[in-house]
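One structure below.
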2 protein chains.
Amino acid sequence: MSGKTVLIVDDEPAIREMIAVALEMADYECLEAADALEAHALIIDRQPDIILLDWMLPGTSGIELARRLKKEETTAGIPIIMLTAKVEEDNKIRGLEVGADDYITKPFSPRELVARLKAVLRRATPPGIDAPIEVDGLTLDPSSHRVSANESSLNIGPTEYRLLQFFMAHQERVYTRSQLLDQVWGGNVYVEERTVDVHIRRLRKALGERHDYLIQTVRGAGYRFSTQPA
Amino acid sequence: MSGKTVLIVDDEPAIREMIAVALEMADYECLEAADALEAHALIIDRQPDIILLDWMLPGTSGIELARRLKKEETTAGIPIIMLTAKVEEDNKIRGLEVGADDYITKPFSPRELVARLKAVLRRATPPGIDAPIEVDGLTLDPSSHRVSANESSLNIGPTEYRLLQFFMAHQERVYTRSQLLDQVWGGNVYVEERTVDVHIRRLRKALGERHDYLIQTVRGAGYRFSTQPA
DNA sequence: CCCCAATGTTACAAGTATGTGACAGTCCTG
DNA sequence: CAGGACTGTCACATACTTGTAACATTGGGG
């Protein structure tokens, strides 16, 4: 569900593996690097959403890498969690000074790791920015996640909501079922194209006679959201 | 009608001016600042009722400033509306969610600005004053730290209190479990997201049938506090 | 006017998200 | 130290969603 990419930097393959398994179970995509150089290459190449960085690394130390990452414009925004075996308070302070967003002391439970990773990601993700869209008495307000037709709010499922939101943001244009699957369901799912029809139907039903004209069928092509009656 | 003071923080003089004119027309008093330092000084000195804060600022970013303001006791109560550019919406930006009260995307119409500003002011707690919030017979009084429904006071725990307070100060907007953990529990804790559900449940139970409709579930999204029935 | 392909509709079984009650650990307070 | 208040998690119950298949209807070309 998250789809976030995590880079794990640790010279101990066993530890990397342990972490990777835990994270993959929580539905994160994992990249692994054994040293700072390898890590840096992966960061540039794959743009991970967050980095788990071991304190001790052969060659360039973890803290050194963190400092460099935080200096560079393109990487400064990537949150970093430091992993350390030492319990010294000193490390904590220096780690955070360098710009790590959190630190975890080994040994740690996979559970704790995932939870803290989630917390850091949560803080690093900017909130959505949206204004309500209104068409002929039909209003969709992203901030309250509410759809209402002339005052009274409609009850529609998540998929219908996304579908409607997409349509209202892209009016007057025909979209094929395939395009809608890409845009509304997300590119890498496999669903029958006919499924789109069903959701269109559900959406129309929810909109009611007053507004269902907005969603128009274009035979042989797809669907269109238009204020102009067909 | 208002006489409220608005602080406009943006490094672009033309934009400040445009906003100022619009607001003065709506009978607000305007202060202007070009950067975070100037803004901070004005906030201390003039105690504005609300702040319009540009997301991107030279030096300290808008997000940074917002976070600091929300941390300090004396300024935490001042509502903040973030201004952001459309282009940034995609993914380039990383910032901390700091509890801005609303977001507006540039470009925006003066009309929209005034409307949302009014909305935020309406539901915001005046700075420095612990004014009770009342909704449909349900009252939360920060000064006595009490919640009462139609005269009789309710017995709720600290977490439920904070949760309710947050909701009543931010009505009509959906918050994900993640956001609630940030805002109500505080950013650095790690707790299961489902824990939120449990506290929501406790809060609803405490509110009783008379008021539990105020806390609404938005399937697939989170929770919302709204006087308008789902 | 008939037929076929495209689309509309309905039903449904499995999958997910949320509601709920119970429980154990913790932190006071008396 | 016992008792009570509060919290965070779990396990189970419920409620809603979702993708598909199957059947009905429609529309346009021949």
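Sequence lines set the chain letters: A, B, ... in the order given, protein chains first and strands last, and positions in each chain run from 1. The structure displayed is predicted, hence computed values, not measured ones.
Distance, B:Ile200 CD1 to C:dT20 C1': 14 Å, rounded to whole Å. The separation between B:Arg204 atom CZ and C:dT18 atom P is 11 Å, rounded to whole Å. Atom CG in A:Leu180 sits about 12 Å away from atom P in C:dT7, given to the nearest Å. The CZ-P distance, from A:Arg224 to C:dT7, rounds to 13 Å in whole Å. B:Asp197 places its CG atom 11 Å from the C1' atom of C:dT20, with the value rounded to the nearest Å.
Nearest-nucleotide mapping onto DNA chain C: of A:Arg202 and A:Gly220, the residue sitting toward the 5' end is A:Gly220. When each of B:Arg194 and B:Arg219 is assigned the nucleotide of DNA chain D with its nearest heavy atom, B:Arg194 is the one assigned upstream, toward the 5' end.
Look at B:Tyr161 and you won't find any side-chain N or O under 4.0 angstrom from OP1 or OP2 of D:dA5. Under 4.0 angstrom from either OP1 or OP2 of C:dT18 there lies at least one side-chain N or O belonging to B:Arg177. Put simply, B:Thr195 has a side-chain N or O that comes within less than 4.0 Å of OP1 or OP2 on D:dT9. A sub-4.0 Å separation between OP1 or OP2 of C:dA6 and a side-chain N or O of A:Thr217 is absent. Listed pair B:Trp185 / D:dT7 fails the phosphate criterion, with no side-chain N or O lying under 4.0 Å from OP1 or OP2.
Contact annotation: the side chain of A:Cys30 approaches that of A:Ile8 to within less than 4.5 Å [non-hydrogen atoms, C-beta and beyond]. Between B:Gln228 and A:Arg146, some side-chain heavy-atom pair lies under the 4.5 Å cut-off.
Checking C:dG8, D:dG19, D:dC10 against every side-chain atom of A:Tyr223, the shortest atom distance belongs to C:dG8. Checked against D:dT18, D:dA21, D:dT7, the side chain of A:Pro158 finds its nearest nucleotide in D:dT18. Distances were taken from every side-chain heavy atom of A:His199 (C-beta onward) to each of D:dT18, D:dT9, D:dT20; the shortest belongs to D:dT18.
With B:Phe167 as the partner, the side chain to side chain contact (heavy atoms under 4.5 Å, CB included) test is satisfied by one option alone out of B:Ile200, B:Leu214, B:Val184: B:Ile200.
When heavy atoms are screened at a 4.0 angstrom cut-off, A:Val189 is found touching no nucleic acid atom at all. Residue contacts for B:Glu160: at a heavy-atom cut-off of 4.0 Å it reaches the sugar-phosphate backbone alone, with no base atom in range.
A donor-acceptor pair shorter than 3.5 Å cannot be found between the side chains of A:Ser143 and B:Arg116. Side-chain contact of B:Glu192 with B:Tyr190: a donor-acceptor pair under 3.5 Å is absent, judged by distance alone.
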